[in-house]
Every structure is written in C-alpha cells, then in structure tokens.
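Take a look at the structure set out below.
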Amino acid sequence: MHKRLTLSVALLLLLAQFSVAQNKIVVFQSDFGLKDGAVSAMKGVAMGVSPDLKLFDLTHEIPNYNIWEASYRLYQTVPYWPAGTVFVSVVDPGVGTSRKSVVLKTKTGQFIVTPDNGTLTLIAESLGIAELREIDEKVNRRNGSQDSYTFHGRDVYAYTAARLAAGVITYEQVGPALPLNVVSIPYQKAILKNGVLKGDIPILDVQYGNVWTNIDASLFDQLKPKFGDILQISIFHDHKKVYEGTMPYCQTFAVVPVGKPLAYINSLMQLSFALNQGDFAKDYHVGSGGDWSVEITITHK
C-alpha cells in the first residue's frame, strides 16, 4: 500500500511538472514593428505546429536593437502570466553569430525563448533561473530553414516555443542544460547610502514621458517619506549630469499644477518622476537604459 501511494504521488508530481509547459499560451515580443509580415510569419509558424495555441503580443515596438528595453519589458510583464506560458523575445542584433539560443525556465514556471545576449538580465534577477537550456537546432528548427541565417525568430524561436507550449516536446527536449547564468547588461543597482538613494532609469513611460527608476517603494520608504516632502533629483547619462531639480513627493499627478514636476510611486511600485499633463523625458532630454542613473535626497516638510 505504501509503495503504491509513493508511486502515485511520484506520478502526480511528474504530471504536474510536465503540465507546466502545456497551457498552450505563447507571447511574442520583438523590435520588428508591424509594418511588414515578420510578426505574422512567426505566428504562422507557431500555428503550423498546433492550431490550438493561443497567441498574444507583448510588444513589437522595442526600439531597433535595444536589448536592454527587451529585458525590461519582460521584467514588466512576465510575472503577470501563469506558469507554463512561453514567451518569444526577439531583439537580436547578433543573429547568425555564435551567441546562444536558449530557453530559460523561471522559478515561477514561465519559459523565455530568446538569444542569450542580455535580454534575460532582469528576468534572471527578479524571477530567478530554475533551468536554462540551449536550443538544439538539429531538432528544434523549422523544416527547410537550415540555409536561412537572419530570421531565427521565425525559424528557431517561434518554432521551438510553439512545440514547447503545445506539448510536442518537453522542456528537456529543447536541448542540453546550461549553467544557471546568462549574459547580463551592467547597470546601477538601487541602493541607499548615507541618506542618498542611487538607481538607474530602466525605462520611460513612453506614452506620457514619465521617468521610471528601479528604486522600489520599500527602499524609498527607508527615507520615511511623507506626501509633500521635497526630493532633490540629479539625473546622469554616462556619469554626466543632465538634470538637477526639486519636486514634491505626491500620491498622484493632479496634486501639482499642470506642467509642474512631481515624484510618485508608479504601478510597478517604483519611484518615478513626471510633469502633470506634460512630458518630463522630452522636456529635459532624459533617456533610459543601463547608462542612465539617478541620485535622490529628501527634505522633510
């Protein structure tokens, strides 16, 4: 009886582990835009593997070759999708070179199919790496594409992702296991030292021009801020100061007059800067990425 129970539990665990890759959801991200047929071609390859797949878009408006922004959009989005979801991220200026094509399994059960070129920087840090496998292109490559070297998004990544999501292959059949580390893009980690907050500007709120930092609310709270306190902000690009100013810490935008600056906690619970009904990034020529950093001090009211 005990042996039968043990076998049953083992079988259930095995099935649970296998089912993580079986929810049939594939989410696509790229820097392709939607002006031509590239995105549709990737989806066509996926549907050719299984018409039962559910295909979604994260974004195809990553700026050309901007690996850092690809990394951030995954960080921003992946945690909200269920375990078993397979993401395809194709921002690949090194397509056709020796960079590895991989599938990362996060510790929360999602899969990322992508070149290992820095795209996985923030996901590896935030969700952790449960496993990492290199795609075996002898098995996981679209038939007839062996002489194509410049569209791995279609021929390798979409094809492998679809096979994984549809249950045609297990995760182990993606290819050989790799050490649990990925190519990482350097940036200023969020720290608090001697009353000064330091961080980077990983992304802009592109629709409105708000400036988002990687300083999360819990770190900011160590300064014991209250709404109305004044923040002294310095923004740097390649260590050169490009902005210096003060602004109140506010709960929401309309607390200050139209066109005036404020600091607030954004939807990802990170310290951010804005102009009420204006474009902070455009007006002050602020960008984003690993080469943009920020320093902040606070004056309590």
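Considering only residues two or more places apart in sequence or on other chains, Phe227 meets the ring-ring contact (aromatic ring centres under 6.0 Å, His included) condition with Tyr249. Take Asp136 and apply the salt bridge (Lys or Arg N to Asp or Glu O under 4.0 Å) test, not counting sequence neighbours, and it matches Lys138. Judged as a ring-ring contact (aromatic ring centres under 6.0 Å, His included), and not counting sequence neighbours, Trp212 has no contacts. For Phe280, the ring-ring contact (aromatic ring centres under 6.0 Å, His included) partners at least two apart in sequence or on another chain are Tyr243, Tyr284.
A 4.5 Å side-chain heavy-atom check between Pro79 and Leu127 finds at least one atom pair inside the cut-off. Between Ile215 and Val294 the shortest side-chain heavy-atom distance falls below 4.5 Å. In this structure the side chain of Lys189 reaches within 4.5 angstrom of the side chain of Glu125, judged on heavy atoms. When side chains are defined from C-beta on, Thr297 does not count as touching Leu197, because their heavy atoms never get closer than 4.5 Å. For the pair Met269/Asp216, no side-chain contact is recorded, criterion being any heavy-atom separation below 4.5 Å from C-beta on. Within the 4.5 Å cutoff, no side-chain heavy atoms of Val182 are placed close to those of Thr121. Contact of the Val39 side chain with the Phe28 side chain is not registered, since no non-hydrogen atoms from C-beta on lie closer than 4.5 Å. Taking the side chain as every heavy atom from C-beta outward, His237 and Val242 approach each other to under 4.5 Å.
Put simply, CD1 on Ile298 and CG on Asp229 are 4.5 Å apart, with the number rounded to the nearest 0.5 Å. If you take SG on Cys250 and CG on Leu262, they are separated by 5.0 Å, rounding to the nearest 0.5 Å. From Ile112, atom CD1 reaches atom CG of Leu74 across 5.5 Å, with rounding to the nearest 0.5 Å. Here Glu295 contributes atom CD and Gln232 contributes atom CD; the two are 10.5 Å apart, rounded to the nearest 0.5 Å. The distance from atom OG of Ser288 to atom CD1 of Ile203, rounded to the nearest 0.5 Å, is 5.0 Å. Summarising the geometry, atom OG belonging to Ser30 is positioned 13.5 Å from atom CZ belonging to Arg154; distances are rounded to the nearest 0.5 Å.
The two residues Gln110 and Pro82 make their nearest non-hydrogen contact at CG-O, 3.8 Å. When every heavy atom of Val256 is checked against every heavy atom of Asn276, the shortest pair comes out as O-ND2, 2.9 Å. Between Val88 and Ala161 the shortest heavy-atom distance is CG2-CB, 3.3 Å. Residues Asp57 and Val27 approach most closely at C-CG1, 4.1 Å, considering heavy atoms. Summarising the geometry of Val183 relative to Asp116, their closest heavy-atom pair is N-OD1, 3.0 Å, with the distance given to 0.1 Å. Counting all heavy atoms, side chain and backbone alike, Ala165 lies closest to Ile25 at CB-O, 4.0 Å.
With hydrophobic clusters built from ILVMFWY side chains whose heavy atoms lie under 4.5 angstrom apart, Leu268 does not share a cluster with Leu271. Cluster annotation: Leu58 and Val102 are assigned to the same hydrophobic cluster (Ile/Leu/Val/Met/Phe/Trp/Tyr, side-chain heavy-atom contacts under 4.5 Å, transitive). Hydrophobic clustering (ILVMFWY, side-chain heavy atoms < 4.5 Å, transitive): Met42 and Leu34 are in one cluster. Val139 and Val103 fall into different hydrophobic clusters, defined by Ile, Leu, Val, Met, Phe, Trp and Tyr side-chain heavy atoms under 4.5 Å apart, directly or through other members. Ile185 and Leu120 fall into different hydrophobic clusters, where Ile, Leu, Val, Met, Phe, Trp and Tyr side chains are chained together by heavy-atom contacts under 4.5 Å.
The main-chain N or O of Asn66 is never found under 3.5 Å from a side-chain atom of Asn64 such that the two would form a donor-acceptor pair. Formation of a donor-acceptor pair under 3.5 Å by the Gln222 side chain with backbone atoms of Leu219 is not found in this model. Under a 3.5 Å cut-off, the side chain of Asn214 and the backbone N or O of Asp200 do form a donor-acceptor pair. A distance-only check finds a donor-acceptor pair linking the side chain of Arg99 to the backbone of Gly94 [under 3.5 Å]. No side-chain donor-acceptor contact under 3.5 Å links Asp283 to the backbone of Leu275. Of the possible donor and acceptor atoms, one in the side chain of Asn266 sits under 3.5 Å from a partner among the backbone N and O of Gln270. Although no hydrogens or angles enter the test, the distance criterion places a donor-acceptor pair under 3.5 Å between the side chain of Thr106 and the main chain of Thr108.
Enclosure of atom NZ in Lys198 is not indicated, since only 12 or fewer non-hydrogen atoms of other residues, nucleotides or ligands lie within 6.0 angstrom. With a 6.0 Å radius and a threshold of 12 heavy atoms from other residues, nucleotides or ligands, Lys282 has its NZ atom at or below the threshold. Counting non-hydrogen atoms of other residues, nucleotides and ligands closer than 6.0 Å to NZ of Lys107 gives a total of 12 or fewer.
Cation-pi contact between Arg133 and Tyr171: present, with separation from the ring centre below 6.0 Å and deviation from the ring axis of at most 45°.
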Check: After noting the C-alpha distance and the side-chain angles of Asp291 and Lys240, does the key distance pass the salt bridge (Lys or Arg N to Asp or Glu O under 4.0 Å) rule?
Finding: CA-CA 10 Å; Asp291 53 354; Lys240 179 182 178 181; over 6 Å; no

Margin query: Does Lys24 form a salt bridge (Lys or Arg N to Asp or Glu O under 4.0 Å) with Asp52? I'd like the steps, not just the answer.
Written below: CA-CA 7 Å; Lys24 301 184 186 300; Asp52 295 329; 5.2 Å; no

Item checked: Residue pair Val258, Lys260: steps toward the side chain to side chain contact (heavy atoms under 4.5 Å, CB included) verdict -> CA-CA 6 Å; Val258 171; Lys260 295 298 184 180; over 6 Å; no

Note to self: Please determine whether ring-ring contact (aromatic ring centres under 6.0 Å, His included) holds for the pair Tyr187 and Trp292, giving the CA-CA distance in whole Å, both sets of side-chain angles, and the decisive distance to 0.1 Å.
What the structure shows: CA-CA 8 Å; Tyr187 67 96; Trp292 286 86; over 10 Å; no

Note to self: Quick one, Val211 with Leu204, criterion side chain to side chain contact (heavy atoms under 4.5 Å, CB included). Give me CA distance, side-chain angles, the key distance, then yes/no.
What the structure shows: CA-CA 5 Å; Val211 173; Leu204 302 177; 4.0 Å; yes

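For the 3.5 Å distance criterion, the side chains of Thr160 and Asn140 fail to qualify, holding no donor opposite an acceptor. Side-chain N/O atoms of Thr114 and Tyr157 include no donor and acceptor closer than 3.5 Å. Side chains of Gln29 and Ser89: a donor-acceptor N/O pair is present below 3.5 angstrom, by distance only. Side chains of Asp92 and His152: no donor on one and acceptor on the other come within 3.5 Å.
Annotation: ring pair (Phe, Tyr, Trp, His ring centres under 6.0 Å) contacts involving residues 30-56, sequence neighbours excluded, comprise Phe32-Phe151, Phe56-Trp81.
Phe87 and Phe111 have their aromatic ring centers separated by at least 6.0 angstrom.
Hydrophobic side-chain contacts under 4.5 Å tie Phe236 to no other Ile, Leu, Val, Met, Phe, Trp or Tyr residue.
Using a 4.0 Å cut-off between charged side-chain N and carboxylate O, Arg73 and Asp31 make no salt bridge.
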